[in-house]
Amino acid sequence: MRRLIAVLAAAAVAASAIAAAAQAPPAPERVVAAYFADYDAPYNAYDIPASRLTDVIYAFGAVTRAGRCTLADPYADTREAFPGVPAVAGAPAGDFGALLALKRRFPNLATEISIGGGGSGSSHFSAAASTPARRARLVSSCIALFLRRWPGLFDGVDIDWEFPVAGGDPGTPARPADRADATALIALFRRELDTLGASAHRHYLLTAAMPSFRTPDGSYTPSLSWDLPAVIGDLDWINLMTYNMTDASSPVTDFESPLRRLASDPSPAAPNGGDTIEGAVSFYEAAGVPAEKIVIGAPFYGHVFTHVPGRHGGLFQRFRRQRDTPTYDEIASAHPSSFRRYWSPTAGEPWLYSHQLRQFVSYEDPASMAAKAGYVIAAHLRGAMVWEISQDDAAHSLIDALSGPLLGTRP
């Protein structure tokens with residue numbers, strides 16, 4: 001009898017576990033997202049290699065001085081003619097029409113409109129989010145313009161406020177109250193998107209682009225700008241901008257988007273590897289952001305530094321200036337034969353150096369994309385995003401190397 005009771009109890013527990021598993025929400029699907037910039041004239045939205053992607057994030061929608069959403073480039077967005085793009089009934093011309101045509105070809109592709117951007121793109125967020133009435137005006141205008149005006153064009157909104165409170169470009173308006181206002185803005189977007197989604201029987205995405213950097217002295221961290229525990233429940237995921245980790249402000253040449261820091265790096269280090277992808281992810285997780293809501297960033301461009309000594313292949317050396325920010329396509333197709341490629345297994349990053357020209361190039365290549373994909377898998381992250389898809393080469397070398405391991409895609 002005791003054995004029978006034990007067997008029945010075990011069966012009941014197993015049945016309960018199976019029922020709970022059936023009712024549990026499915027694990028989030030992996031994300032491979034690409035930002036697409038409307039100002040890249042030689043490349044239109046129909047050219048995007050969507051078979052390698054889950055999401056396209058269109059950059060940008062703008063915020064006016066009056067605190068309403070508007071088109072950042074009306075001509076490119078809705079009027080420019082692109083030969084070879086199939087017409088979609090009721091769709092505008094320009095990249096919006098091309099994006100709708102692309103979605104006809106790839107019906108599983110999700111699209112988001114990114115609102116804001118760096119520099120002047122974020123100049124009106126602080127005022128627009130500063131009161132309940134202003135937040136309501138901004139949110140309602142964004143939904144009316146980007147989700148209601150052209151149904152099916154966008155599947156959600158990406159907030160790219162760079163950055164609440166502090167950390168943005170010089171001259172970008174910022175106030176101590178921005179942190180609380182940004183939280184309230186995200187909550188209102190989520191509420192209004194859910195209301196719209198209920199009437200359409202669907203879910204609208206809400207994401208946010210957030211900074212990866214921290215200052216060595218701890219005077220700035222992303223938590224100064226964002227109340228991460230408060231906003232993460234309203235966001236589908238965070239687009240973590242893990243790039244530009246070396247630029248003209250850096251004291252020495254360094255990597256563009258390293259996974260980990262080298263022990264030989266002489267630069268002042270942000271706490272706990274904050275100037276690396278691994279360190280940035282660790283910071284967000286410690287702040288309450290689950291791994292399945294973190295999408296790391298991968299740049300499709302590099303930086304060229306001049307007058308660089310040749311020690312250690314030009315790595316961690318002082319430089320006179322940063323000269324250019326070339327795309328991967330430009331780097332792969334045009335860099336002179338005098339450049340030698342180097343590789344760091346620790347950073348998961350390449351670099352180029354020319355003794356003849358005394359130039360150092362920090363950049364990404366297919367090997368570093370594969371390393372980032374491996375890290376996403378190992379760390380159980382949601383996925384990866386790229387800035388910016390048109391900067392890849394014609395063979396789509398970078399996005400193939402990133403997407404292949406994450407999605408199992410093939411050209």
Side-chain angles (χ1 to χ4, degrees), residues 28 31 33-38 45 53-64 67-73 77-78 95-96 99-100 103 109-118 121-126 128-129 132 134-164 178 181-210 225-226 228 230-241 293-295 297 382-383 385 387-388:
V31 167
Y35 280 89
F36 168 77
D38 62 3
L53 303 170
T54 62
D55 294 73
V56 170
I57 307 175
Y58 191 93
F60 288 103
V63 179
T64 68
R68 297 180 182 275
C69 264
T70 189
L71 302 179
D73 186 338
D77 294 343
T78 63
D95 277 315
F96 282 10
L99 193 59
L100 278 166
K103 294 183 74 174
L109 181 70
T111 53
E112 295 95 60
I113 178 68
S114 185
I115 299 169
S122 291
S123 60
H124 299 308
F125 263 121
S126 181
R134 290 176 177 179
R135 289 191 291 271
R137 180 167 57 203
L138 176 61
V139 171
S140 64
S141 68
C142 291
I143 290 175
L145 176 59
F146 293 116
L147 299 181
R148 293 185 182 276
R149 184 170 178 181
W150 295 288
L153 175 58
F154 292 113
D155 302 298
V157 174
D158 176 64
I159 303 299
D160 191 2
W161 181 350
E162 299 185 21
F163 300 102
D178 284 346
D181 291 342
T183 300
L185 181 67
I186 292 291
L188 183 58
F189 261 111
R190 179 73 277 159
R191 187 162 63 250
E192 294 303 312
L193 288 172
D194 285 349
T195 299
L196 180 65
S199 64
H201 306 289
R202 56 162 303 171
H203 174 76
Y204 284 98
L205 295 166
L206 180 61
T207 63
M210 292 193 179
S225 293
W226 292 96
L228 295 171
V231 300
I232 194 57
D234 290 325
L235 296 171
D236 289 275
W237 67 79
I238 285 172
N239 291 308
L240 188 52
M241 295 187 283
K293 287 199 174 187
I294 297 176
V295 172
R382 185 67 172 272
M385 60 84 173
W387 180 274
E388 185 264 348

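Note that the structure is predicted; figures quoted are calculated from it, not measured.
Nearest heavy-atom pair across I113 and G61 is CD1-N, 3.7 Å. Scanning both residues, L228 and M210, for their nearest heavy atoms gives CD2-SD, 3.6 Å. Taking each heavy atom of A33 and T54 in turn, the nearest pair found is N-OG1, 4.4 Å. Nearest heavy-atom pair across P151 and L100 is O-CD2, 4.4 Å. Heavy-atom minimum distance, Y35 versus S114: CE2-OG, 3.8 Å. Across Y204 and G156, no two heavy atoms sit closer than the pair CD2-N, 4.2 Å.
Taking E388 as the reference, S390 meet the side chain to side chain donor-acceptor pair (under 3.5 Å) condition, with sequence neighbours excluded. Scored by the side-chain contact (heavy atoms from CB on, under 4.5 Å) test, T70 finds A62, T64 as partners (sequence neighbours excluded). Annotation: side-chain contact (heavy atoms from CB on, under 4.5 Å) contacts of A128 (sequence neighbours excluded): V63, L138. Residues passing the ring pair (Phe, Tyr, Trp, His ring centres under 6.0 Å) test with F96 are Y58, W150, F154, sequence neighbours excluded. Scored by the side chain to side chain donor-acceptor pair (under 3.5 Å) test, D55 finds no partners at all (sequence neighbours excluded). Taking D160 as the reference, nothing meets the side chain to side chain donor-acceptor pair (under 3.5 Å) condition, with sequence neighbours excluded. Qualifying side chain to side chain donor-acceptor pair (under 3.5 Å) partners for S126, counting only residues two or more places apart in sequence or in other chains: R175, D178. Every residue meeting the side-chain contact (heavy atoms from CB on, under 4.5 Å) condition with A45, not counting sequence neighbours, appears here in chain and number order: F36, I48, D95, A98, L99. In this view, A136 and L188 satisfy the side-chain contact (heavy atoms from CB on, under 4.5 Å) rule, not counting sequence neighbours.
Residue pairs meeting the salt bridge (charged side-chain N to carboxylate O under 4.0 Å, His left out) criterion with at least one member in residues 134-150, sequence neighbours excluded, are R135-D181. For residues 194-203, the salt bridge (charged side-chain N to carboxylate O under 4.0 Å, His left out) pairs, not counting sequence neighbours, are D155-R202, R190-D194.
Here OG of S140 is found 9.0 Å from CZ of F189. Values are rounded to the nearest 0.5 Å. To the nearest 0.5 Å, atom CH2 of residue W387 and atom CG of residue N239 are 11.5 Å apart. For the atom pair CD1 (I186) and CG (L235), the distance works out to 5.0 Å, reported to the nearest 0.5 Å. D73 CG to T78 OG1: the interatomic distance, rounded to the nearest 0.5 Å, is 8.5 Å.
The backbone N or O of I238 lies less than 3.5 Å from no partner atom in the side chain of T207, so there is not a single donor-acceptor pair. Put simply, the side chain of T111 gets close to the backbone of L153: a donor and an acceptor are under 3.5 Å apart. Between the side chain of T195 and the main chain of R191, a donor-acceptor pair closer than 3.5 Å is present.
Side-chain contact check for L193 versus V139: every heavy-atom pair is 4.5 Å or farther apart. Side-chain contact between C69 and I115 is present, with at least one heavy-atom pair separated by less than 4.5 Å. Counting heavy atoms from C-beta on, the side chains of W226 and P164 come closer than 4.5 Å. D158 places none of its side-chain heavy atoms less than 4.5 Å from the side chain of L205.
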